Amino acid sequence: MPIVVSQLGHTLVHLADSVIVGHFAGTIQLAAVSLVNSLFMLVLVLGMGISYGLTPLIAQENGKKNYDECGKLLSNSLIINFCMGLLLYAFVHFGTLLMIDHIGQTPEVVAYAKPYLGYLAVSIIPLMIFQTFKQFAEGLGFTKQAMFVSIWGNVLNVILGIIFVKGMFGIEAMGVKGVGLSTLIDRILMATVMSVYVMRSKHFKIYLRNFRLVFAEKIRALKIIKIGAPVALQYAFEISAFSGAAILIGTIGAVEQAAHQVAINLAAVTYMMASGIASAATIKTGNNFGKGNFKDLRHSAIASYHVILLFMSITAIFFILANTVLPYIYTEDQAVIRIAAQLLIIAGFFQLFDGTQVVGLGVLRGIGDVNIPTIITFIAYWIIGIPLGYFLGIYLDLGVNGIWYGLTFGLLSASVLLFFRFQNKTRFLQKSEDRSVTDMLSVM
């Protein structure tokens, strides 16, 4: 549960931005937030994916009681993630900010989007530092501190966002720029608090004896990147599919794009909660893998599937039953609410697929199986999901609903293929353990 809450914190930042702008700045600026969040989410998950490369390695080394190696992995991960933050900032600043003028969006929306995106670009650097220490602590089973930092960070983001957007206490009203500035301040403070906690807490002293910030070591850096890079691509393929969908929807109209933002924000909340369960599955799987306890590994993985199916079933029912009420959280524009309500019904149906595919990725990540799952996600979203969404939504003129039908089928494809991959890999590991026990008994 602490991992679920801390994972949810990233999405709640953007959800809060949308709610504040939707109520205090209007539909056009909400559409700008939709456009930026759709583009920036790709940058966010690339960074987070790289940072996730640390967690299974820490869990495995802790399972082996190889404590000194944990500190070395942390120092290498911090260097890698900081450099990744700089690269992502440069990508947004020199690439996305220029590209945004040439993707067929409403000019008024683009004008509001640029300054907001500029603030988010800078915020990725402290976010990567926060992620490094968060993934290290969670890999060792210390999950509550990151949760508390995320909670208070989100509270601060909401308070500052309202002050900056509305213009309170003598501050000039900033509109959509205000939520960008509040997000940047929030992420700088979160990185500071989380790093101080890890470096000074008595819980981590045994692990930090070999922590040195000099240069990245080739062997350890490659171990982190070999897991982190495919994980980043897995997230990128899915999120970029939804970003691509947002761009397709933007060519239909600003109202449709705003409605998409409302529905996708709500779906992203449950997705990030599901990814918290997936991260817990990664930690438990990695720990059992390090111990060579493959039977418990499979049992805990199946338990993760049970938990996610129960959780996402509840959220699916909630989305469908409250589809006409939930959009009011963001806006009172009736045209936006009407379209968003339709999309939430579709979102309710794809909840189970979204949850099971992210847990499947988490379990496979724990045993170091990342390359084939990356290919699976690419096929599911970019060979199946987006082309089908374009065919249904644009070519057959089903509009925003048709694009979401395509995304749903992509999620279904990913969940089924990843489940088969999980079954094959874990059954093989369990048979290997059973053979080892049989061999030992025969020798005795």
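Basis for what follows: all heavy atoms, side chains included, without hydrogens, waters or symmetry-related copies. Keep in mind that what you see is a predicted model, and the values were worked out from it rather than measured.
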The complete set of side chain to side chain donor-acceptor pair (under 3.5 Å) pairs with one or both residues in residues 340-354, sequence neighbours excluded, reads Thr270-Gln351, Thr315-Gln351, Gln342-Asn401, Asp354-Gln357

Say whether, by atom type as modelled, one donor and one acceptor occur between the side chain of [X] and the main chain of [Y] under 3.5 angstrom.
{"X": "Ser275", "Y": "Met272", "result": "yes"}
{"X": "Trp382", "Y": "Phe237", "result": "yes"}
{"X": "Ser123", "Y": "Leu120", "result": "yes"}
{"X": "Thr374", "Y": "Pro230", "result": "yes"}

Residue pairs passing the ring-ring contact (aromatic ring centres under 6.0 Å, His included) test with at least one member in residues 351-370, sequence neighbours excluded, are none

For residues 140-160, the ring-ring contact (aromatic ring centres under 6.0 Å, His included) pairs (sequence neighbours left out) are Phe142-His203, Phe142-Phe204

With sequence neighbours left out, write down each residue that passes ring pair (Phe, Tyr, Trp, His ring centres under 6.0 Å) with [X], or none if nothing qualifies.
{"X": "Phe133", "answer": "none"}
{"X": "Tyr381", "answer": "none"}
{"X": "Tyr305", "answer": "Phe419, Phe422"}

side-chain hydrogen bond (donor to acceptor under 3.5 Å, both in side chains) partners for [X], two or more places apart:
{"X": "Thr356", "answer": "none"}
{"X": "Ser304", "answer": "none"}
{"X": "Asn371", "answer": "none"}
{"X": "Ser195", "answer": "none"}

What I'd like to find out is whether the side chain of [X] reaches to under 4.5 Å of the side chain of [Y], using heavy atoms alone.
{"X": "Leu326", "Y": "Phe318", "value": "yes"}
{"X": "Phe130", "Y": "Val149", "value": "yes"}
{"X": "Tyr271", "Y": "Leu266", "value": "no"}
{"X": "Leu412", "Y": "Phe350", "value": "no"}
{"X": "Leu407", "Y": "Leu411", "value": "no"}
{"X": "Leu156", "Y": "Leu160", "value": "yes"}
{"X": "Val262", "Y": "Leu343", "value": "no"}
{"X": "Ile159", "Y": "Val155", "value": "yes"}

Sequence neighbours excluded, the answer for salt bridge (charged side-chain N to carboxylate O under 4.0 Å, His left out) partners of Arg421 is Asp369

Sequence neighbours excluded, the answer for salt bridge (charged side-chain N to carboxylate O under 4.0 Å, His left out) partners of Glu256 is none

Take atom NZ in Lys72; do more than 12 heavy atoms of anything else shown fall under 6.0 Å from it?
yes

Other residues, nucleotides and ligands only: do more than 12 of their heavy atoms fall within 6.0 Å of NZ on Lys223?
yes

Side chain to side chain contact (heavy atoms under 4.5 Å, CB included) test vs Asn76 passes for just one of Leu57, Asn81, Leu222, Ile224, namely Ile224

Looking only at heavy atoms, the pair that brings Ala121 and Val92 closest together is CB-CG1, 3.4 Å

